[in-house]
Amino acid sequence: MEDKVYLYIEVKSVIEDTIAAIATALGASGVGIIRISGPDAAKIADQVFEGKNKIKLRERPKYTISYGTVYDENKTMIDEALALVMWKPHSFTGEDVIELQCHGGTVVLKKVLELILKAGARLAEPGEFSKRAFLNGRLDLAQAESIMDIITAKTETAVKMAMGNLKGDVSKHIKSISGDVLELIAYLEADIDFPEEDFIRLNEEEIMRRLTRIETQIKTVLQTYQGGRIIREGLKTALVGRPNAGKSSLLNAFLQEERAIVTDIPGTTRDTIEECYNLGGIPLILIDTAGIRETHDKIERLGVARTKEIVMAADIILYVIDIKEGVKEEDNAFLSGLPPNKVIVLLNKIDVYDNKVKEQKIRGQLTGYKVLFVSAQENTGIKQLEQVISQLFFENGSINTDKLYLTNARQKEKIEKALEALTSAKTGLLRHIPTDLIEIDMKQAWIYLGEVTGESVSEDVIDEVFSRFCLGK
Ligand SMILES: Nc1nc2c(ncn2[C@@H]2O[C@H](COP(=O)(O)OP(=O)(O)OP(=O)(O)O)[C@@H](O)[C@H]2O)c(=O)[nH]1
Ligand SMILES: [Mg+2]
C-alpha cells in the first residue's frame, strides 16, 4: 500500500515542462484554440504572440484577454489571435495556462502550434492536461474520467449524469464507503497492536455486521453499472429474423424516416445499418441486419455471418417474425442459440392478420419469450415495445437522473475487486482466522476503493486512465 502512495507523490514532483496542443476539433471552423500549460507557458507564448497593446503576456493580470498577432521567426504574420491568461493555481491544470484563440483552419492552427513547439513547449500527450489537473489536486481520478464521458455523451441524460460525476457524486460515495472500511481497519489494528489495553473492542459479531453493511453498499453501487453503461454507451439493439420479416421497416418506424431500403424481395438488406435513437434519454443503438437464411449468394452469406456477430454483442435482440408466415423451423433453430432474457419476439404485420386462434398457437410456440404484436407499416405496438425495453433495464421504466449511476468500466472493475477482498475478509472471519490476516483483505479492499478516486493509485493506473483521453484535453 505504501509503495503505491509513494509512487503517486513521486509522479507529482516531476511536472516541470510546458506542454501544448490544439484543444479544438480540427477542420474548418470559426475559432480554434491552442492550449499551453506549464511553468513557461507565458514565456513561450510571448515568443510567438504580440499583443496590440505591446504588453507581454507574462505581465498581464490573471483572467485577462489580449488581442494581437501571431508571428513566425521572420516576423511574418501567421494569424490574428486572442490570448487568455490564467495563472496557477487558478486554471484547469492548476498550472500557468495560456490559451490562444486563432482562426479555426487546420493549416493555421498546425502552423501556430509548430511555432509554439519550436519556442520550447512539448506536444501534450492525449489527456495530459487532465492528468496534470489530477496530479495538481484539481480533480480526482473519477472526476477526470467523467470529463471524457461529457465529451462522448450521446444524450442529454448522459451529459447530466457525467456532470454529476464531475461534481464528485461517485467520488463522494466511494470515499464514504472507503472511510467505513478504514474505520474498521483501525479497530482491528488497535486490537492487534494493543491487545492488553482497555478500549472499546468490536466483537466478531459486530465486525461481521459492519462488513456486511459495507458489502451491501458496494453491491448497490455495482448494481447501477448496467444502467450507467447503457446511458453512456447506448443499448445495442439488434433487429434480427428471416428475410422479409420486416426488420428494415421496423427500423424506419422507430426513426420515423425511410432510413433503410425496404422491398418485398427477400434478402434486401445485405450489410448492417446502425442508427441511434433517443428512447426517453436512453440511447438505443438500433442495428438492422441481413435476414438469416441459407444462401449461395456470396454477399448475402457475408451479411448473414455479420448478423450472427452482431447478435452476440447485442444487449437486446428484437427477433422479428412475419405473423402470416408463423414460427418456422429456422426461427426455432436460431432462437434456441440466444439467451431468452435478451430476446423480445416481434410478430410483425398484424395489420394484415386477424386470426385470433392462430395467434394463440403462435404464442404457445414461443413460451419463455417476451412476445409483442406489432405493425411496422402502421406503427402499431412501437410505443409498447419502447416501454418493454426501458422496463428491462430501468426501475419504473425510466431513468432516475437524481440517482448515482456508475458508468466507468475501470471504476467498476476496481469496486468489484474491493468487493472480492471484503467477501474474503468475511469468509476469514467465519473461519476464525487470525485478525491480522483479515486485516490484509480489508486493506486490499481499501486500496481498490482508493484506486477509483485516485487516493491510492500507481503511476501505471494514472497513465492508463489518461491515455484514453483525446488530444488537447
Ligand atoms: N403489411 C405489412 N407489410 C409489411 C410490414 N412490415 C414490412 N412489410 C413489408 O414486408 C416486406 C419486407 O420488408 P423489409 O422491411 O424489407 O423486411 P426485412 O426483414 O428487412 O427483409 P430483408 O432485408 O430481406 O431481410 C416489404 O414489402 C414491406 O413493405 C407490416 O407491418 N405490414
Ligand atoms: Mg431489411
Side-chain angles (χ1 to χ4, degrees), residues 236-277 279 284-314 316-338 342-356 358-359 361-363 365-366 369-389:
K236 285 210 183 92
T237 312
L239 284 153
V240 190
R242 280 186 286 127
N244 254 0
K247 302 175 292 296
S248 303
S249 306
L250 278 162
L251 175 83
N252 293 346
F254 263 109
L255 301 174
Q256 305 256 312
E257 66 169 88
E258 299 306 307
R259 171 67 183 84
I261 298 173
V262 167
T263 73
D264 56 0
I265 306 163
T268 301
T269 307
R270 300 295 183 92
D271 209 346
T272 50
I273 299 176
E274 218 177 282
E275 282 294 328
C276 192
Y277 171 73
L279 198 166
L284 205 66
I285 301 165
L286 285 167
I287 313 160
D288 181 21
T289 63
I292 317 149
R293 65 169 171 182
E294 289 296 326
T295 169
H296 295 296
D297 181 308
K298 201 172 161 190
I299 304 171
E300 201 182 341
R301 263 217 318 266
L302 289 172
V304 173
R306 187 166 284 190
T307 299
K308 290 180 180 164
E309 278 169 29
I310 297 277
V311 163
M312 298 310 289
I316 297 186
I317 300 147
L318 299 178
Y319 193 86
V320 190
I321 296 176
D322 179 340
I323 195 168
K324 296 194 302 302
E325 303 256 322
V327 185
K328 294 267 167 73
E329 200 40 57
E330 297 106 291
D331 295 315
N332 283 326
F334 200 78
L335 278 169
S336 65
L338 306 175
K342 280 192 179 181
V343 178
I344 301 174
V345 179
L346 301 179
L347 293 162
N348 188 30
K349 311 194 188 181
I350 51 162
D351 51 297
V352 285
Y353 191 80
D354 58 1
N355 189 335
K356 290 282 169 217
K358 229 172 141 197
E359 233 176 75
K361 187 181 155 217
I362 293 176
R363 261 190 199 281
Q365 289 173 300
L366 294 166
Y369 294 101
K370 280 194 183 58
V371 177
L372 287 176
F373 292 83
V374 297
S375 162
Q377 192 157 297
E378 298 196 339
N379 229 317
T380 338
I382 303 292
K383 280 277 158 279
Q384 199 193 347
L385 172 61
E386 289 185 0
Q387 274 169 12
V388 172
I389 294 175

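Each ligand, and each atom within it, is numbered from 1 in the order the structure gives.
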| said: Please report whether ligand 1 has a polar contact with Ile261, defined as an N or O pair separated by less than 3.5 Å (distance criterion only). | reply: no
| field | Under 4.0 Å to a heavy atom of Ser375 - the qualifying atoms of ligand 1, by number | value | 31 (O)
| task | Indicate yes or no for a side-chain donor-acceptor contact from Asn252 to the backbone of Arg259 under 3.5 Å, with no hydrogens or angles considered. | result | yes
| Any N/O/S of Thr269 under 2.8 Å from the Mg ion (ligand 2)? | yes
| Does Pro266 come within less than 4.0 angstrom of ligand 1, counting non-hydrogen atoms of the residue? | yes
| note | Atoms of ligand 1 under 4.0 Å from any heavy atom of Gly291, numbered from 1 in the order shown, are 25 (O)
| said: Can you report which non-hydrogen protein atom sits closest to atom 25 (O) of ligand 1, along with the distance? | reply: Lys247 NZ, 2.9 Å
| Nitrogen or oxygen of Gly246 less than 3.5 angstrom from that of ligand 1 | yes
| message | Among all the protein's non-hydrogen atoms, which is closest to atom 7 (C) of ligand 1, and how far away is it? | response | Ser249 OG, 3.2 Å
| Minimum-distance protein heavy atom relative to atom 16 (O) of ligand 1 | Thr263 O, 3.4 Å
| field | Asp331 bridged to Arg242 by N-O distance under 4.0 Å | value | yes
| field | Part of Ser248 within contact of ligand 1 (heavy atoms, under 4.0 Å) | value | both
| query | Who's the nearest protein heavy-atom neighbour of atom 24 (O) of ligand 1, and how far? | reply | Gly267 N, 2.7 Å
| query | Does Val374, backbone or side chain, put an N or O under 3.5 Å from an N or O of ligand 1? | reply | no
| task | Using atom types as modelled and distance alone, determine if a side-chain donor or acceptor of Ser248 lies under 3.5 Å from a backbone N or O of Val262. | result | no
| Lys/Arg N to Asp/Glu carboxylate O, Asp288 vs Lys247, below 4.0 Å | no
| message | Considering non-hydrogen atoms of the protein only, which is the closest contact for atom 9 (C) of ligand 1, and what is the distance? | response | Lys349 NZ, 3.8 Å
| Between Gln256 and Tyr277, a side-chain donor and acceptor under 3.5 Å | no
| Are side-chain N/O atoms of Thr272 and Thr289 paired as donor and acceptor at under 3.5 Å? | no
| field | Protein contact of atom 3 (N) of ligand 1 - nearest heavy atom, named by residue and atom, plus distance | value | Gln377 OE1, 3.2 Å
| field | ligand 1 to Pro243 polar contact by distance, N or O atoms, under 3.5 Å | value | no
| message | My understanding is that we take every heavy atom of each candidate and find the minimum distance to atom 6 (N) of ligand 1. Doing that for Thr380, Asp264, Asn348, which one comes out nearest? | response | Asn348
| field | atom 29 (O) of ligand 1: nearest protein contact (heavy atom, Å) | value | Val262 CG1, 3.8 Å
| Residues Arg306 and Glu309 bridged, charged N to O under 4.0 Å | no
| Thr268 N/O/S atom closer than 2.8 Å to the Mg ion (ligand 2) | no
| task | Please tell me if the side chains of Arg293 and Pro266 come closer than 4.5 Å, counting only heavy atoms from C-beta onward. | result | yes
| message | For atom 32 (N) of ligand 1, what is the closest protein heavy atom, and at what distance to 0.1 Å? | response | Asp351 OD1, 2.8 Å
